[in-house]
Amino acid sequence: MSKYTKEDIIRLVKENDVSFIRLQFTDILGTLKNVAITPSQLEKALDNKCMFDGSSIEGFVRIEESDMYLYPDYDSFAIIPWRPQQDRVARLICDVYKPDGTPFEGDPRYVLKKTIQRAADMGLSFNVGPECEFFLFHTDDTGHATTETYDEAGYFDLGGTENGENARRDMVLALEEMGFEIEASHHEVAVAQHEIDFKYSDALLAADRIMTFKMAVKAIARQHGMCATFMPKPIFGINGSGMHTNMSLFTADGKNAFYDPNDSIGLSKMAYSFIAGIMKHMRSMTAVTNPLVNSYKRLVPGYEAPCYIAWTASNRSALIRVPASRGMGTRVELRCPDPACNPYLELAVLLAAGLDGIEQNLQPVDAVSANIFHMTPDEREARGIESLPGNLHEAIREMRKSQFVKDVLGEHVFTKYLEAKRAEWDAFRTVVTQWELDAYLEKY
């Protein structure tokens, strides 16, 4: 049942002195876009008559098929609390449609909706709880980001030597005003690194909230004279930022489909198959869950980020972990994704992989209880433990040969995404880095 009607939104805009409404949508690379309108155009927008030029958006369409329409999701209406309290700003998250009234196949939100419907056809709903990490750095005199910080705090430390804690407090308050239920916020392991966790929800709302979360964190950091970054590995030698993704399936009668009290560790057959599906397709999905050249600087042994495809119920060195909670809280945690990913595409491929495991009745290899980082290559090989792709180029190659990923994303997104990622890799591999200059310039 919908939370808002068209009349509700028009009334809320008037009552709250809203002067601008942002019609938001996301491109295939996970960048938030918007068209801003005034209240005079609100009714037109709510009737799905607001058009924009799709040819200007990364990976959308060719110039000859550029007209696109924004269909607002009424329930996504929210007033942006960090904007001025007079002439306020609100937002609506939109789906992208073609002029003939059909969903645009290049809209990431549509990709996720299709996969959610596949689960619904199986009598299942998909719930997701993300754990988003980020860094707070100082800006320079021109307002540009640096990697400088006075922060010397560590994991769960109280207080610090900069205003990061004050910024995080304001982020939590703003997110709660926008309807988030914040479960925890704390300083992370690395200096200047923070985490804010919000309650799980259905997958579409979770993806919407991840996009809203990143927008809010960045905006409030700027108000504190800081830069918030979701870059996976901004500083060499310390932990990078991940977005651990907690997933569960629920049945139509509201029961957690991953829980079985009669199993030795409390998991259902469906949970085991879901895990097996993720493991089967993980290498081909990594370009989606870890989309940047920089993502693979985080996925190396020694910095808590898992890079070996295994599962466990007991330690954090494996890619997939089953947290201790059982009953309604039974869930599967994938530990490799980073917050630079497009959450709509990420959740679509993860759900589809899990459903494939269920449909094929797959069973995972034995769980790993030992610390995988301490195993030798021969020991990992003997256990059948594969590694994630070692760089973006390898991840692209794995994705390109996957019919599974192509079917989930659709021809349009699959092709455009690979084109963009190949261009990113080519741009990176032609750059002469400072490391090369330091290592080779005088030696050779």
Side-chain angles (χ1 to χ4, degrees), residues 119 124 126-133 200 203 206 240 242-249 256-260 263-290 295 298-301 303-326 329-339 341 343 346-375 380 383-389 395 398 404-405 408:
L124 299 168
F126 185 42
N127 289 324
V128 176
E131 301 174 20
C132 297
E133 297 172 341
Y200 76 88
M243 189 178 74
H244 298 172
T245 303
N246 294 272
M247 301 170 284
S248 58
L249 291 173
N256 189 319
F258 283 175
Y259 177 55
D260 181 355
D263 180 68
S264 60
I265 60 171
L267 295 184
S268 68
K269 292 181 178 178
M270 186 175 289
Y272 286 115
S273 293
F274 189 93
I275 291 169
I278 297 286
M279 294 176 68
K280 174 185 175 182
H281 295 293
M282 192 63 243
R283 283 180 59 82
S284 66
M285 301 186 297
T286 309
V288 176
T289 60
N290 302 87
S295 297
R298 168 179 167 261
L299 297 176
V300 294
Y303 296 99
E304 292 197 359
C307 47
Y308 300 117
I309 302 174
W311 76 281
T312 183
S314 59
N315 75 75
R316 285 173 162 79
S317 66
L319 182 75
I320 298 171
R321 186 175 77 95
V322 181
S325 179
R326 290 294 179 269
T330 309
R331 62 193 186 274
V332 170
E333 177 191 42
L334 184 68
R335 297 172 59 78
C336 67
D338 65 55
C341 73
E346 180 224 8
L347 297 185
V349 294
L350 294 182
L351 174 56
L355 295 180
D356 184 58
I358 293 168
E359 290 174 335
Q360 301 298 323
N361 196 28
L362 300 179
Q363 293 300 308
V365 296
D366 292 341
V368 177
S369 57
N371 189 329
I372 303 173
F373 294 139
H374 294 166
M375 293 182 182
R380 290 194 297 271
R383 297 287 297 266
I385 299 174
E386 290 187 286
S387 298
L388 292 176
E398 291 291 325
F404 162 78
V405 176
V408 176

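Fair warning: this is a prediction, and the values are worked out from it, not measured in the lab.
Here the shortest heavy-atom pairing between L350 and F274 reads O-CZ, 4.1 Å. For the residue pair V349 and F404, the shortest heavy atom distance occurs at O-CZ, 3.9 Å. Scanning both residues, I385 and Y308, for their nearest heavy atoms gives CG2-CB, 3.7 Å. Closest approach of I309 to M279, counting heavy atoms only: O-CE, 3.9 Å. Contact detail for V408 and A348: the closest heavy-atom pair is CG1-O, 3.8 Å. Closest heavy-atom contact between N256 and S248: ND2-CB, 4.2 Å.
A salt bridge does not link K269 with D260: every distance from a Lys NZ or Arg NE/NH1/NH2 to an Asp or Glu carboxylate oxygen is 4.0 Å or more. The residues E333 and R335 are annotated as salt-bridged, a charged nitrogen and a carboxylate oxygen being separated by less than 4.0 angstrom.
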Trace of the side chain to side chain contact (heavy atoms under 4.5 Å, CB included) decision for N246 with V128: CA-CA 6 Å; N246 294 272; V128 176; over 6 Å; no

Residues E398, M285; criterion side chain to side chain contact (heavy atoms under 4.5 Å, CB included); working and verdict: CA-CA 8 Å; E398 291 291 325; M285 301 186 297; over 6 Å; no

Side chain to side chain contact (heavy atoms under 4.5 Å, CB included) between W311 and V322, worked out: CA-CA 8 Å; W311 76 281; V322 181; 4.1 Å; yes

Chi angles and distances behind the side chain to side chain contact (heavy atoms under 4.5 Å, CB included) call for S273, I358: CA-CA 5 Å; S273 293; I358 293 168; 4.1 Å; yes

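Within the model, atoms CG of L334 and OG1 of T245 stand 6.0 Å from one another, a figure rounded to the nearest 0.5 Å. Residue K280 holds its NZ atom at 4.5 Å from CG of D356, rounded to the nearest 0.5 Å. With values rounded to the nearest 0.5 angstrom, N290 atom CG is found 6.0 Å from T286 atom OG1. Distance SG/C336 to CZ/R298: 7.5 Å, rounded to 0.5 Å. Atom CG of residue L267 and atom OG1 of residue T330 lie 7.0 Å apart, to the nearest 0.5 angstrom.
Listed for the R380 side chain is no donor-acceptor partner under 3.5 Å among the backbone atoms of E386. Checked by atom type and distance alone, the side chain of R283 pairs as donor or acceptor with a backbone atom of S387 at under 3.5 Å. The backbone N or O of V368 sits less than 3.5 Å from a side-chain atom of T312, completing a donor-acceptor pair. Of the possible donor and acceptor atoms, one in the side chain of S268 sits under 3.5 Å from a partner among the backbone N and O of A257. The backbone N or O of C341 sits nowhere less than 3.5 Å from a side-chain atom of E346 that would complete a donor-acceptor pair.
Here the side chains of R331 and S325 are in contact, with some heavy-atom distance below 4.5 Å. Under the 4.5 Å side-chain criterion, counting only non-hydrogen atoms from C-beta, L351 is in contact with L249.
In this view, P339 and F230, S241, M243 satisfy the side chain to side chain contact (heavy atoms under 4.5 Å, CB included) rule, not counting sequence neighbours.
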